[in-house]
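Here the structure is a predicted model, which means the values were calculated and not measured.
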Amino acid sequence: MASQATITEFSRAVDPAVNTVFNGNFSQVPSSYQDVCNVSTTDIYITETSQNVGASMAHVRTEQASVTYEAFLQGDGKNLTQFEVALGVQISKHMWKFQRLNQIKQLVANTAQAIARRREFDVTKKLERGHDTSYTHSVDGTTLINLTGGDGLALFSGSHSTTRTSTTQDNRVNDGTTTNMDLAEDALEAAETVTAASLTDESDQTIAYNLDTLFVPRKLVWTAQRLLQSTGRVGTANNDVNLVKGRYKLVTLHYHANTAASYGKQYYIKDTTINNNDGFLMYI
């Protein structure tokens, strides 16, 4: 008759299994944060981000003429403070004693997924509440999340400005007049031909946007799929060519609010080859 394993022996067997289960299940939650954010890693609690303003257009000069120099200009800066997120599970003595290994694995898997879901939730809220400068986290109830960018404004605003000349810019999807455009072909056309075309870098130089990724909450997935997958132009006769077909990669924001009147119809579009900090446009 086999003797009952001691708690010490069981812990030695469980520890590597727990690590394997945790790491494996951490990656199983649908992930869009790397599509949304320019991701980097750091071990520093407070990280300072800063930039210098790029140069303007190069000057044409004749042979042996002097070179034109531009003074260094400090760009926007921001301090980023890390949050630590955690969730523990209780493994009872009963589970240890009777070697309920599968139940322990399930508890650990659920914990890993809970942490991954928190990451996805926080990244999505950055977009969903991108017209605000801060919001109180609905999970923690009291944690105030700062949403401002380096210029101190909300992520999506009609008052962004360049450093060199303070030219006002609007990174909300608009056709030059309207900014509350429903997700439809005319809005996507406006995003490319009006909004993106009007945005410049910190030195007022044209940014060559090639918008290629569309982000939508679950409420708008079917609308987006009709736009991107229909052969004929949506809402017209089939002989009209759908210029939007296959034009963008579609990313679903699973944790985006779908019911609040102010946020339920937001969508976002960006150029993945340009720094993610510059690439977002929005409807509001």
Side-chain angles (χ1 to χ4, degrees), residues 33-42 44 46-61 66-82 123 125-135 145-177 179 181 187-215 248 266-284:
Y33 78 99
Q34 290 182 314
D35 291 314
V36 175
C37 297
N38 189 358
V39 179
S40 60
T41 59
T42 180
I44 303 174
I46 298 178
T47 301
E48 180 180 359
T49 63
S50 184
Q51 65 173 350
N52 61 288
V53 176
S56 61
M57 190 80 71
H59 296 244
V60 176
R61 71 184 184 101
S66 60
V67 175
T68 301
Y69 292 87
E70 292 183 344
F72 169 83
L73 287 178
Q74 178 66 45
D76 295 329
K78 187 175 180 63
N79 288 337
L80 304 177
T81 303
Q82 292 199 55
V123 169
K125 288 299 173 183
K126 176 71 174 178
L127 301 180
E128 179 190 319
R129 305 301 293 267
H131 61 289
D132 298 325
T133 56
S134 65
Y135 79 99
I145 308 296
N146 187 324
L147 296 177
T148 60
D151 60 359
L153 300 175
L155 180 62
F156 307 118
S157 171
S159 302
H160 291 298
S161 62
T162 62
T163 298
R164 197 171 290 277
T165 62
S166 299
T167 301
T168 300
Q169 303 192 75
D170 188 347
N171 68 336
R172 301 171 300 176
V173 171
N174 69 90
D175 60 5
T177 303
T179 57
M181 304 180 71
L188 297 176
E189 180 180 354
E192 294 200 25
T193 62
V194 179
T195 314
S198 68
L199 298 177
T200 64
D201 64 18
E202 292 277 54
S203 288
D204 306 295
Q205 301 302 304
T206 297
I207 301 174
Y209 278 117
N210 179 28
L211 303 180
D212 57 13
T213 306
L214 179 65
F215 299 79
Y248 309 104
Q266 289 178 344
Y267 54 89
Y268 317 86
I269 186 169
K270 79 167 187 176
D271 179 345
T272 55
T273 62
I274 293 178
N275 189 295
N276 288 317
N277 294 329
D278 299 325
F280 273 108
L281 310 171
M282 77 168 296
Y283 148 84
I284 180 172

Distance, nearest 0.5 Å, that separates CD of Q169 from OG of S159: 11.5 Å
What distance do L211 atom CG and K270 atom NZ have between them, rounded to the nearest 0.5 Å? 11.0 Å
Just to verify, what does D212 make a side-chain hydrogen bond (donor to acceptor under 3.5 Å, both in side chains) with, not counting sequence neighbours? T272
E70 and H59: which non-hydrogen atoms are nearest, and at how many Å? OE2-NE2, 4.5 Å
Can you find a heavy atom in the side chain of L73 that is under 4.5 Å from one in the side chain of R164? yes
Any chance you could measure L188, atom CG, to T193, atom OG1, to the nearest 0.5 Å? 10.5 Å
So do T195 and M181 actually touch side chain to side chain, heavy atoms under 4.5 Å? no
Around atom CZ of F72, are there more than 12 heavy atoms from other residues, nucleotides or ligands closer than 6.0 Å? yes
For D201 and S203, run side chain to side chain donor-acceptor pair (under 3.5 Å): C-alpha distance rounded to whole Å, both residues' side-chain angles, the deciding distance at 0.1 Å, then the answer. CA-CA 5 Å; D201 64 18; S203 288; 4.7 Å; no
Nearest 0.5 angstrom please: T273 OG1 to Y209 OH, how far? 10.0 Å
Hey, does the side chain of T42 reach the backbone of I44 with a donor-acceptor pair shorter than 3.5 angstrom? yes
With a 4.5 Å cut-off on side-chain heavy atoms, are E202 and D76 touching? yes
All heavy atoms of G130 vs all of A154, minimum pair found to be O-CB, 3.3 Å
Hey, does the side chain of N174 reach the backbone of G176 with a donor-acceptor pair shorter than 3.5 angstrom? yes
Can any side-chain N or O of Y135 pair as donor or acceptor with the backbone N or O of R129 at less than 3.5 Å? no
If we ignore hydrogens and angles and just use 3.5 Å, is the side chain of N171 paired with the main-chain N or O of S157 as donor and acceptor? yes
Rounded to the nearest 0.5 Å, what separation is found between the CD1 atom of I46 and the OG1 atom of T81? 4.5 Å
E48 side chain near N79 side chain, heavy-atom distance below 4.5 Å: yes
State which residue, out of L153, N146, T148, fulfils the side chain to side chain contact (heavy atoms under 4.5 Å, CB included) condition with T133. T148
Taken to the nearest 0.5 Å, the spacing of K126 NZ from F156 CZ works out to 8.5 Å
For V123, all residues meeting side-chain contact (heavy atoms from CB on, under 4.5 Å), sequence neighbours excluded: Y33, V36, C37
Sequence neighbours excluded, which residues qualify as salt bridge (charged side-chain N to carboxylate O under 4.0 Å, His left out) partners of E189? none
Any K125 side-chain heavy atom under 4.5 Å of I145 side chain: no
Residue pair L199 / H160, side-chain heavy-atom distance below 4.5 Å: no
With a 4.5 Å cut-off on side-chain heavy atoms, are T213 and D35 touching? no
Do L147 and L155 have side chains that get closer than 4.5 Å, going by heavy atoms? no
Please check: side-chain N/O of T162 versus main-chain N/O of T167, any donor-acceptor pairing under 3.5 Å? yes
